[in-house]
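Worksheet: one structure, shown below.
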Amino acid sequence: MGSQHSLDSVDVAKRRGVITAALGIGLYGGALGVSYGALANASGLSPTQTMVLSLVMFTGGSQFAFLGALHSPWVAAVVSLLLALRNAFYGVRLSTTLRTRPVLRPLTAHLVLDESTAMAIAQPPGKQARFAFYTTGIFMFVFWQLGSILGVFLGQGLDAETFGLDVAAPAAFIALLWPALRTRAMIGVAMGAGILAAALIPVLPAGLPVLSTVAVSVFAGIYFSPSNVKNKSHPEGH
Amino acid sequence: MLWAAIIVASLGSWLIKIGGLSLPERFINNLYVDNIAKFLPVGILAALITTGLIDAGGYWRIDLAVLGGFGVAVGLLLLRRGFLTVFFAAIVTTALLRLVLP
């Protein structure tokens with residue numbers, strides 16, 4: 001290769017890198033979509049209901065949470081909406097990074113995900129962030145839908161318990177939770193919420209044990225103000 | 001009722017995303033809001049984990065096959081494996097334990 005690149009070829013190389021990464025993320029999302037589709041089917045959702053969630057809700061963690069709390073549909077709705085709240089915080093950061101036109105906002109908003117946000121904020125604001133955001137978001141959308149449909153078909157006639165699918169939701173949640181368990185405050189909230197919900201299972205109607213733990217998060221959020229967290233948590237490692 | 005919950009949750013998720021893109025940045029600079037927002041998913045996920053593991057519809061039940069699969073998931077996370085490896089290893093473990101355990 002020559003030692004000098006024109007600005008355009010640097011740009012093209014960067015874009016190729018973004019596309020490759022986005023494609024990888026999309027395929028990974030597709031595989032996750034397959035398991036979502038199969039689990040939704042095993043949980044008793046019709047194929048149409050499964051796909052409405054994938055097409056409109058389109059945020060994996062919330063969709064799994066919806067299935068996890070399905071024994072009471074309205075609790076499932078509240079739980080999934082609470083988990084979706086993080087997307088609003090991504091949105092606040094993205095609005096200055098992407099600088100999209102207000103007309104495109106509903107479309108742009110639909111593609112706000114953990115993955116598309118991570119890809120966008122890794123780029124310089126403006127054109128490059130937009131390219132990374134839309135490429136990742138669109139790949140994720142397409143593969144997530146294809147995966148969900150495939151999962152629904154593969155899951156037909158599958159007995160959830162025989163195939164170990166009843167561990168799918170807890171396994172997905174612990175894997176989603178794991179990266180957040182870096183400070184003592186986070187570990188404390190996770191333990192507190194987990195124990196509280198478990199203790200309330202025989203006491204409260206289905207779904208409410210999970211919702212009751214919102215109190216733990218709100219309390220911790222007020223108690224551990226950021227200055228406190230710095231004093232009380234120490235880096236990992238012993 | 002299931003349909004209504006699906007539609008409310010789906011449109012609600014979309015509106016939350018649109019709201020985020022429309023909010024001013026000073027909103028997340030509020031310390032309490034920012035802090036609670038960080039803890040909220042952690043608490044909910046932890047609660048979903050314990051109820052998913054031991055809730056048998058209003059009473060506790062220990063299912064060794066499920067706990068075994070979950071244990072494998074935790075072990076693989078400690079070994080820094082990726083999401084899909086953890087996810088599928090847990091399912092396969094639970095399925096195999098169901099074959100073996102009485």
Side-chain angles (χ1 to χ4, degrees), chain A residues 31 49 52-53 56-57 59 62 65-66 68 73-74 76-77 80-92 95 105-106 109-110 112 163-164 166-178 180 186 189-190 193-194 197-198 201-202 209-210 213 216-218 220-222 225-226, chain B residues 1-3 5-14 16-23 25 27-28 31-32 35-55 57-60 63 65-66 69-70 73-74 77 83-84 86-87 90-95 98:
Chain A
Q49 290 168 333
V52 167
L53 285 176
V56 185
M57 185 181 276
T59 172
S62 291
F66 193 90
W74 287 111
S80 59
L81 286 172
L82 284 172
L83 265 187
L85 277 180
R86 71 185 189 291
N87 292 324
F89 287 80
Y90 295 160
V92 176
S95 59
R105 205 175 274 162
H110 202 48
V112 171
F163 287 89
D166 44 349
V167 82
F173 297 141
I174 187 69
L176 286 173
L177 176 60
W178 201 260
M186 288 292 190
V189 168
I201 287 170
V210 173
T213 63
V216 175
S217 304
V218 171
I222 294 166
S225 77
Chain B
M1 192 169 90
L2 178 56
W3 260 119
I6 286 173
I7 289 165
V8 167
S10 300
L11 290 179
S13 290
W14 194 350
I16 285 171
K17 290 175 173 180
I18 295 174
L21 281 178
S22 319
L23 278 173
E25 193 152 20
F27 180 73
I28 56 167
L31 292 182
Y32 289 142
N35 229 13
I36 293 170
K38 269 182 210 142
F39 287 130
L40 209 50
V42 171
I44 290 176
L45 287 173
L48 283 169
I49 291 168
T50 51
T51 52
L53 289 177
I54 61 167
D55 188 358
Y59 60 93
W60 295 311
D63 183 330
V66 169
F70 185 75
V74 172
L77 285 168
F83 189 103
L84 286 179
V86 170
F87 185 76
I91 293 173
V92 170
T93 307
T94 299
R98 283 257 153 74

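Order of the sequence lines fixes the chain letters, A, B, ..., with proteins taken first and strands second; residue numbering starts at 1 for each chain.
The minimum heavy-atom distance linking T51(B) with A197(A) is given by the pair CG2-CB, 4.1 Å. Of all non-hydrogen atoms in T94(B) and G164(A), the two that sit nearest each other are CG2-CA, 3.7 Å. Looking at every heavy atom in both residues, I36(B) comes nearest to S217(A) through CG1-O, 4.2 Å. In terms of heavy-atom proximity, A171(A) sits nearest to F70(B) at N-CD1, 4.4 Å. In plain terms, the two heavy atoms of I222(A) and Y32(B) that are nearest each other are O-CE2, 3.8 Å. Nearest heavy-atom pair across G12(B) and L81(A) is C-CD2, 3.5 Å.
Put simply, of I6(B), V66(B), V86(B), L23(B), the one with the most heavy-atom pairs under 4.5 Å next to chain A is I6(B). Chosen from I174(A), N87(A), V112(A), L83(A), the residue pairing most often with chain B at heavy-atom distances under 4.5 Å is I174(A). Heavy-atom pairs under 4.5 Å with chain A were tallied for G69(B), G57(B), A65(B), G43(B); the largest tally goes to G43(B). Between chain B and the options T213(A), L85(A), I201(A), the largest number of non-hydrogen pairs under 4.5 Å is found for I201(A).
Contact of A76(A) with chain B is not made at all, since no heavy-atom distance falls under 4.5 Å. Only the backbone of Y59(B) comes within less than 4.5 Å of a heavy atom of chain A; no side-chain atom from C-beta onward does. For F66(A), the part lying under 4.5 angstrom from a heavy atom of chain B is the side chain only. Of the atoms belonging to V216(A), not a single heavy atom falls under 4.5 Å from chain B. Within the 4.5 angstrom heavy-atom criterion, no atom of T93(B) approaches chain A. Neither the backbone nor the side chain of I7(B) comes within contact range of chain A, judged by heavy atoms closer than 4.5 Å. If you measure heavy-atom distances from A73(B) to chain A, the contacts under 4.5 Å come from the side chain alone.
Residues satisfying the side chain to side chain contact (heavy atoms under 4.5 Å, CB included) test with A109(A), not counting sequence neighbours, are W14(B), K17(B), I18(B), L21(B).
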> Should D63(B) and D166(A) be marked as a side-chain contact (heavy atoms from CB on, under 4.5 Å) after you check the CA-CA gap, both sets of side-chain angles, and the distance that decides it?
Replying inline: CA-CA 10 Å; D63(B) 183 330; D166(A) 44 349; 4.3 Å; yes
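Using a 4.5 Å cut-off on side-chain heavy atoms (C-beta onward), V52(A) and S10(B) make contact. In this structure, F173(A) and I44(B) have side chains that are not in contact, with every pair of non-hydrogen atoms separated by 4.5 Å or more. Side-chain contact between F163(A) and R98(B) is absent, with no heavy-atom pair separated by less than 4.5 Å.
A donor-acceptor contact shorter than 3.5 Å is absent between the side chain of S13(B) and the backbone of M57(A). The backbone N or O of Q49(A) sits nowhere less than 3.5 Å from a side-chain atom of W3(B) that would complete a donor-acceptor pair.
Residue pairs satisfying the side chain to side chain donor-acceptor pair (under 3.5 Å) criterion with at least one member in residues 37-46 of chain B, sequence neighbours excluded, are listed as follows: D34(B)-K38(B).
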